[in-house]
Amino acid sequence: MRAAVITTLTGPDAVEVRDVPDPVPQPGQVVVDVEFAGVVFPDVLQTRGEYQLRPELPFTPGWEVAGVVREDAGGFRAGDRVAAMPVIGGFAQTVAVDPGMVFPLPEDVPFEKGAVLPLNYLTMHFALTRRARLETGETVLVHGAAGGVGTAACQLAAAYGARVIAVVSTPDKGAVARAAGAHEVVPVDGFRDEVRRVTDGRGVDVVVDPVGGDRFTDSLRCLAREGRLVVLGFTGREIPTVKVNRLLLANTTVMGAASAEFWRTEPGHAGRQWRDLLPLVQSGAIDPPIGAVYALDQAAAAIREIDQRRAAGRVLIRVR
């Protein structure tokens, strides 16, 4: 089969597309013939060996896919349409996936949409419902709101009845965030003052932060009384620190949302989350924005678009 392979840990340019053997499934694993694969920030990190999961070289990246089950396994039947989260191996024509990370995909959800649902939407479901305990009527501030995690945050928070304020770096990205459900859009430069203005000085109940970096302190200052800041990652490439005395000023909370680590210890949880999300997908409340679609032979360019923070909407690889 054809697959994109990381050959050295030097970034996206070290990704090559070549012929590799078909995967040999472990007992119970589901073999999926991949139609589309979604590109996510952890794929970028893996090209440099900066993600906590470091397979031996060479290996095929690819966190999330959609396609067709090849043969009966893991409670699925040959021919079933599925989305799946293999974590590695997705940028290939075929991938073997643990059954707990394979999810039924209804006929009315196209493969390209299904391929970009698993990681970001399940992560944001975990972040907003289990970690932040978001309630209807609260206000959510979303950083990186035009990216994959950000658009998922905007859509889910809006679907749950929250007011969504999106932080973006360009007008084009602001348009993507609005299309994803953001009620207000503020520029990253001076976002704290803008948040104060649009909330009449009250602040926000929840901050969704996949970026980190130097905006972290101002995010804390945006929180209303008993507000919660959810840390999802560090696309800004800088891990911030917090002076905990700030948390005392308004009884605020900083919390992590490490969904992948949680799924490893609660193997049935992702499937339960998927069942919660499917009605929102089928109603249109969740509709992942597609930004760019690359052929499998262009996998390096697809990863590079995420690396250079040029993506507005989700980046996809068309495998077949």
Side-chain angles (χ1 to χ4, degrees), residues 40-42 116-117 119-169 173-174 176-188 191-192 194-196 198-199 202-224 226-236 238-240 242 247 252-262 273 277 280 285-286 288-289 309 311-314:
V40 294
F41 188 67
V116 293
L117 285 170
L119 179 60
N120 289 332
Y121 283 87
L122 293 178
T123 293
M124 284 316 308
H125 179 277
F126 175 75
L128 292 174
T129 64
R130 188 176 184 101
R131 299 298 291 132
R133 307 288 182 181
L134 180 67
E135 297 183 4
T136 300
E138 291 190 314
T139 301
V140 179
L141 180 70
V142 180
H143 285 288
V149 170
T151 51
C154 290
Q155 288 189 350
L156 269 180
Y160 293 144
R163 178 190 182 192
V164 180
I165 303 172
V167 182
V168 297
S169 57
K173 291 185 176 183
V176 171
R178 284 192 185 279
H183 300 93
E184 284 96 16
V185 173
V186 299
V188 64
F191 75 87
R192 175 191 171 196
E194 283 297 296
V195 168
R196 181 174 296 277
V198 300
T199 63
R202 177 185 177 275
V204 301
D205 301 289
V206 176
V207 174
V208 172
D209 186 7
V211 179
D214 58 6
R215 66 182 72 180
F216 188 82
T217 298
D218 278 346
S219 292
L220 280 177
R221 291 169 173 159
C222 288
L223 288 174
E226 296 187 280
R228 294 88 74 198
L229 191 158
V230 187
V231 177
L232 288 114
F234 312 103
T235 61
E238 180 185 337
I239 298 176
V242 55
L247 309 182
T252 52
T253 302
V254 175
M255 63 182 70
S259 53
E261 285 69 21
F262 189 86
Q273 291 181 268
L277 291 180
L280 296 176
I286 290 177
R309 301 179 71 174
R314 290 304 311 274

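Treat the numbers as computed from the prediction; the structure is a model and nothing was measured.
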What are the two closest heavy atoms between [X] and [Y], and how far apart are they?
X      : Y      : result
Val230 : Ala257 : CG1-CB, 3.6 Å
Ala153 : Val208 : CB-CG1, 4.1 Å
Phe191 : Cys222 : CE1-SG, 3.8 Å
His125 : Gln273 : ND1-NE2, 3.1 Å
Leu134 : Ala162 : CD2-CB, 4.1 Å
Ala166 : Cys154 : CB-SG, 4.5 Å

Atom pair [atom1]/[atom2] of [X] and [Y] - distance to nearest 0.5 Å:
X      : Y      : atom1 : atom2 : value
Met124 : Leu119 : CE    : CG    : 11.5 Å
Leu277 : Ile286 : CG    : CD1   : 4.5 Å
Ser219 : Asp214 : OG    : CG    : 10.0 Å
Arg163 : Asp205 : CZ    : CG    : 10.5 Å
Thr199 : Glu184 : OG1   : CD    : 9.5 Å

Original post:
Do other residues, nucleotides or ligands put more than 12 heavy atoms under 6.0 Å from Arg192 CZ?
Top reply: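 Check passes, neighbour count above 12.
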Validation row: [X], [Y] side chains within 4.5 angstrom (heavy atoms):
X      : Y      : answer
Leu223 : Arg228 : no
Thr129 : Leu156 : no
His183 : Val198 : no
Gln155 : Pro289 : yes
Val40  : Arg314 : yes
Leu141 : Val195 : yes
Pro288 : Thr151 : no
Phe41  : Val149 : no

Original post:
Can you check side-chain contact (heavy atoms from CB on, under 4.5 Å) on Leu280 and Tyr160, steps first, answer last?
Top reply: CA-CA 10 Å; Leu280 296 176; Tyr160 293 144; 4.1 Å; yes
Short question: side chain of [X], backbone of [Y] - any donor-acceptor pair under 3.5 Å?
X      : Y      : answer
Asp209 : Val231 : no
Arg131 : Gly256 : yes
Arg130 : Ala127 : no

Original post:
How far apart are the C-alpha atoms of Val167 and Val211, what are their side-chain angles, what is the distance that settles it, and do they pass the side-chain contact (heavy atoms from CB on, under 4.5 Å) test?
Top reply: CA-CA 11 Å; Val167 182; Val211 179; over 6 Å; no
**OP:** Apply salt bridge (Lys or Arg N to Asp or Glu O under 4.0 Å) to Asp218 and Arg215, showing your working.
**Re:** CA-CA 6 Å; Asp218 278 346; Arg215 66 182 72 180; over 6 Å; no
Original post:
For Val168 and Val176, what are the C-alpha separation, side-chain angles and deciding distance, and is it a side-chain contact (heavy atoms from CB on, under 4.5 Å)?
Top reply: CA-CA 9 Å; Val168 297; Val176 171; over 6 Å; no
**OP:** Show your reasoning for whether side-chain contact (heavy atoms from CB on, under 4.5 Å) applies to Thr252 and Leu229.
**Re:** CA-CA 8 Å; Thr252 52; Leu229 191 158; over 6 Å; no
